[in-house]
Participant: 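The structure is given below, and queries will be raised subsequently.
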Amino acid sequence: MAFYPEEVIEEVRSRNDIVDVISGYVRLQKKGSRYFGLCPFHSEKTPSFSVTPDKQMYYCFGCGAGGNVLTFVMQYENITFTEAMQSLAGRVGITLPERGMSAEQRARADCRAKLLEINKEAAKYFYMLLRDSRGKRALEYFKKRELTAQTMQHFGLGYSDKYSNDLYRYLKKCGYADELLKDSGLVTIDEARGGYDKFWNRAMFPIMDVNHRVIGFGGRVMGDGEPKYLNSPETMIFDKSRNLYGLNFARSSRRPGILLCEGYMDVIALHQAGFDNAVASLGTAFTSGHASLLKRYTEEVYLTFDSDGAGVRAALRAIPILKEAGLVAKVIDMQPHKDPDEFIRALGAQEYQKRIDAAENSFLFEIRMLEREYDLSDPESKTAFFRKVSERLLTFREPLERENYIEAITRRYQIGFEQLRSMVNRVGAREGIAAKDRPQPVSDRRHRKKDDGMKQSQRLLLTWLIEEPSLFDAVGAYITPEDFTEELYRQAAQALYEQYSRGELNPARIVSLFPGEEQQREVAGLFQAGIRLPEDVRDRQKALTETVRRVKQNSMEVRLKQLDPTDIAGVQRLIEERKSLAKLHIYID
């Protein structure tokens, strides 16, 4: 965000009318001064997603998503701020200024751009070869896997020629230097042999980043060569631990959750069957980088790995990584088939959907796999099994969640609830875990409730000031930005008061002042509190007076806590303010 001056950001935002932009994604219907539609960020049947033209902001009263036109494009397209700026600037014909770069940074950026060009050119060449007589064998392979021409086109599938320097010669004709081709990972430069291809005689799978740019390739050998599958090495533009195959399509899927597979063909088969939320890791083990990437797009991941031993082990490795990233993991049973591709071809999409619906809780899956290591017909082995289960149950720090899983285990294994809970407590006491789960004191809960109420009062005041600027003169006599004790609220109030002093009220511009997506979302919510001032004059005055009094009273309490006890003058000023606050009454028309 810091790359662009505030005035440039504001020009791009103001030139893109929010109703026009969002109408391209969401069907909106005008109701009064606002537009409403079904929220694109959560599932709902009754429209709670609102777009306010005069504020140039959107807000969902269901899930709390909100912001300006830049925030919307970032959230919906799952792209960065810079990418959203470029997209919206291009939409209205604005040329963005060159961002300041050192010579080294510029050279690196130019190299990245060239590598993307090379990969795009290679993808086009492979695509053409598949449809040429030379690609007949690969084409037959894809057709045998029951892929349609449309699916092959959608994923840009191709073929690398049987001659091991075919691509090298083609890219040299395109004018690319050996050093750059070497950096692309597509070509090896050898003094004795010259240039030769990384991929040859293979069915080709272009790997794209989330913005549909080709960053690497996977290749499946045609024949008996080794290795059967080959992937591009890591390059300046290709990091296997931070990209997932198919995510460029899955990120915009409207299906719930994301299906995590092991292979490219699994992803393609699922997409062809209508499950366009499938992705796969790129020939490497699933990593925390992959989990963090998925967290940007979903809260729930369905593991649809191979049903063999290797697939089970891969699932068991992935589950704790997903949990660590804050994702809910479930496991899909592929039996009696090996993988999703085979399952879809044998039983079809409808049966696969049933498997999704019946997906197993990841913890219960782990316990079921653990059970294989014990003989439950032997008392000693059975006791050892439940001791190990107890250790696993202690990983749940929330007591209620742990109790729920204890109940689930007792139902599955026909063991007494109190017996298992007692064992869990004994193991926890031995490990020193139980002490971490003390219930929150009542005083803490009351304090949190008071804080939540004060946040609501501060939000109401900001919303009313935006919706009725005429209130500024009455409210400004008592409330300054410093009276908003939440830091984010104070910053938003400061910007709002400054705008008013300039004769301008522009909440959408205020949203753009905050760098983080979560901050922008919360600021948008400040101006959409959802409770309007009453129409009756007396009721309006009473509501506004009480809200101002609460905000000011809280501000004084905070200042008093921060005041040096020896500052007698400061204490005296607060006492006088408190006296005048008792007599406060705001008069408005």
Side-chain angles (χ1 to χ4, degrees), residues 244 255-263 266-267 270 275 277-281 285-288 290-291 294-295 298-344 347 351-376 381-382 384-398 400-415 417 420-421 423-424 427:
L244 289 161
R255 281 184 167 273
I258 282 183
L259 303 170
L260 182 60
C261 312
E262 287 188 271
D266 292 330
V267 171
L270 285 171
F275 302 97
N277 55 335
V279 302
S281 55
F286 188 77
T287 68
S288 59
H290 293 136
L294 287 174
K295 182 67 174 173
T298 190
E299 296 295 328
E300 194 167 55
V301 174
Y302 293 84
L303 297 173
T304 180
F305 290 175
D306 291 359
S307 58
D308 59 12
V312 168
R313 289 191 294 274
L316 291 172
R317 285 194 298 269
I319 288 168
I321 296 172
L322 289 165
K323 287 183 177 178
E324 183 66 26
L327 289 159
V328 174
K330 293 186 177 181
V331 183
I332 297 174
D333 180 13
M334 291 289 99
Q335 295 285 358
H337 299 286
K338 180 177 180 292
D339 54 38
D341 176 30
E342 185 180 295
F343 186 102
I344 291 289
L347 299 178
E351 286 300 315
Y352 186 78
Q353 181 60 55
K354 290 179 182 177
R355 295 298 178 96
I356 294 176
D357 296 338
E360 187 175 14
N361 174 283
S362 61
F363 180 79
L364 297 179
F365 171 79
E366 289 178 301
I367 297 302
R368 188 160 59 83
M369 295 304 105
L370 178 67
E371 180 189 342
R372 296 177 178 182
E373 301 174 20
Y374 296 85
D375 178 5
L376 298 192
S381 181
K382 187 174 183 178
F385 168 69
F386 282 115
R387 189 176 295 113
K388 183 62 71 173
V389 169
S390 297
E391 291 175 6
R392 296 284 184 91
L393 285 164
L394 285 164
T395 61
F396 297 106
R397 292 292 183 255
E398 184 63 43
L400 178 59
E401 185 179 21
R402 185 189 302 165
E403 295 271 299
N404 289 337
Y405 276 102
I406 291 174
E407 186 179 346
I409 294 295
T410 57
R411 281 199 307 268
R412 175 176 284 189
Y413 292 100
Q414 300 298 306
I415 181 178
F417 178 86
L420 183 57
R421 184 162 68 171
M423 177 177 277
V424 170
V427 173

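Being a predicted model, the structure only gives us computed values, none of them experimental.
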Participant: Counting only heavy atoms from other residues, nucleotides and ligands, does the tally under 6.0 Å from CD of Glu324 exceed 12?
Facilitator: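 No, CD of Glu324 has 12 or fewer neighbouring heavy atoms, counting only those of other groups under 6.0 Å.
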
Participant: Count the heavy atoms of every other residue, nucleotide or ligand shown that sit under 6.0 Å from NZ of Lys382, and state whether that count exceeds 12.
Facilitator: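 No - once you tally the heavy atoms of other residues, nucleotides and ligands closer than 6.0 Å, there are 12 at most.
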
Participant: Thinking salt bridges, do Glu371 and Arg368 make one under a 4.0 Å N-O criterion?
Facilitator: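 Arg368 and Glu371: not salt-bridged.
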
Participant: If you look at every heavy atom in Arg255 and Gln353, which pair is closest and at what distance?
Facilitator: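 Looking at all heavy atoms of both residues, the shortest contact is NH1-OE1, 3.2 Å.
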
Participant: Between Asp357, Leu260, Thr304, which is the residue that forms a side-chain contact (heavy atoms from CB on, under 4.5 Å) with Ile332?
Facilitator: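 When side-chain contact (heavy atoms from CB on, under 4.5 Å) is applied between Ile332 and each of Asp357, Leu260, Thr304, only Thr304 qualifies.
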
Participant: Where is the tightest heavy-atom contact between Leu370 and Arg392, given as atom of each residue plus distance?
Facilitator: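 Shortest heavy-atom contact: CD1-NH2, 4.1 Å.
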
Participant: Distance from Ile415 atom CD1 to Ile409 atom CD1, nearest 0.5 Å?
Facilitator: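 Answer rounded to 0.5 Å: 9.5 Å.
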
Participant: With a 3.5 Å distance limit and no angle check, can you tell me whether Lys330 reaches the backbone of Glu300 through a side-chain donor-acceptor pair?
Facilitator: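 Flag not set: sc Lys330 to bb Glu300 has no pair under 3.5 Å.
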
Participant: Which pair of heavy atoms, one from Asn277 and one from Gly257, lies closest together, and at what distance?
Facilitator: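 So the minimum-distance heavy-atom pair works out to ND2-O, 3.1 Å.
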
Participant: Kindly write out the residues that satisfy ring-ring contact (aromatic ring centres under 6.0 Å, His included) with Tyr352, not counting sequence neighbours, or none if the list is empty.
Facilitator: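 Here the qualifying residues are Phe275, Phe343.
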
Participant: Roughly how far apart are Leu270 CG and Asp266 CG, rounded to 0.5 Å?
Facilitator: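 Rounded to the nearest 0.5 Å, the CG-CG separation comes to 6.5 Å.
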
Participant: So, do Leu376 and Tyr413 sit near enough that their side-chain heavy atoms are less than 4.5 Å apart?
Facilitator: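 Side-chain contact under 4.5 Å: yes.
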
Participant: First locate atom CE of Met334, then atom CG of Leu347, and finally report the distance between them rounded to the nearest 0.5 Å.
Facilitator: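 Between atom CE of Met334 and atom CG of Leu347 there are 9.5 Å.
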
Participant: Which heavy atom of Leu327 sits nearest to which heavy atom of Ala291, and what is that distance?
Facilitator: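 Answer, listing the atom of Leu327 first, then Ala291: CD1-O, 3.6 Å.
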
Participant: Does some side-chain heavy atom of Phe417 sit less than 4.5 Å from a side-chain heavy atom of Glu407?
Facilitator: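 In contact.
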
Participant: Using the ring-ring contact (aromatic ring centres under 6.0 Å, His included) criterion, which residues pair with Phe365? Sequence neighbours excluded.
Facilitator: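 None.
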
Participant: Could you check Leu294 against His290 for side-chain contact (heavy atoms from CB on, under 4.5 Å), going step by step and ending with a plain yes or no?
Facilitator: CA-CA 6 Å; Leu294 287 174; His290 293 136; 5.5 Å; no

Participant: Taking NZ, NE, NH1 and NH2 as the nitrogens, is one of them in Arg355 or Glu351 under 4.0 Å from a carboxylate oxygen of the other?
Facilitator: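 Not counted as a salt bridge, because no side-chain N and carboxylate O are separated by less than 4.0 Å.
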
Participant: Just do the side-chain contact (heavy atoms from CB on, under 4.5 Å) check on Asp308 and Lys338 with the steps written out, would you?
Facilitator: CA-CA 7 Å; Asp308 59 12; Lys338 180 177 180 292; 4.1 Å; yes

Participant: Please report the interatomic distance CG(Leu303) to CZ(Arg317), rounded to the nearest 0.5 Å.
Facilitator: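 Spacing of CG (Leu303) from CZ (Arg317) equals 12.0 Å.
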
Participant: Given side chains that start at C-beta, do those of Glu403 and Arg421 come closer than 4.5 Å, heavy atoms only?
Facilitator: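 Counting from C-beta outward, Glu403 and Arg421 do come under 4.5 Å.
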
Participant: Do the non-hydrogen side-chain atoms of Glu262 and Asp339 ever get within less than 4.5 Å of each other?
Facilitator: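 They are not in contact (no side-chain heavy atoms under 4.5 Å apart), so the answer is no.
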
Participant: With heavy-atom distances below 4.5 Å as the criterion, would you say the side chains of Val331 and Phe305 are in contact?
Facilitator: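 No, too far: nothing below the 4.5 Å cut-off.
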
Participant: Applying side-chain contact (heavy atoms from CB on, under 4.5 Å), can you list everything that pairs with Ser288, at least two apart in sequence or on another chain?
Facilitator: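 Testing Ser288 for side-chain contact (heavy atoms from CB on, under 4.5 Å), a comparison that skips the adjacent residues, returns Ile321.
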
Participant: Going from CG on Leu394 to OH on Tyr405, what distance comes out if it is rounded to the nearest 0.5 angstrom?
Facilitator: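 These two atoms lie 14.5 Å from each other.
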
Participant: Applying side-chain contact (heavy atoms from CB on, under 4.5 Å) to Asp333 and Glu360, what does each step give before you reach the verdict?
Facilitator: CA-CA 8 Å; Asp333 180 13; Glu360 187 175 14; over 6 Å; no

Participant: How close do Ser307 and Val312 get, counting heavy atoms only, and between which atoms?
Facilitator: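 Minimum heavy-atom contact is O-CG2, 4.3 Å.
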
Participant: Between Cys261 and Val279, is there a side-chain heavy-atom distance shorter than 4.5 Å?
Facilitator: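 No - every pair of side-chain heavy atoms lies 4.5 Å or more apart.
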
Participant: Taking all heavy atoms of Ala318 and all of Phe286, pick out the closest pair and write down the distance.
Facilitator: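 Answer, listing the atom of Ala318 first, then Phe286: CB-CD2, 4.0 Å.
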
Participant: Taking the side chain as C-beta and beyond, is there a heavy-atom pair between Glu366 and Met369 under 4.5 Å?
Facilitator: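 A side-chain contact is absent here, since even the closest heavy-atom pair is not under 4.5 Å.
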
Participant: Measuring from atom CD1 of Ile356 to atom CG of Leu259, what distance do you get when rounded to the nearest 0.5 angstrom?
Facilitator: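 Here the interatomic distance stands at 5.0 Å.
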
Participant: Between Val424 and Val389, is any pair of side-chain heavy atoms under 4.5 Å apart?
Facilitator: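 Contact flag for Val424/Val389 side chains = no.
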
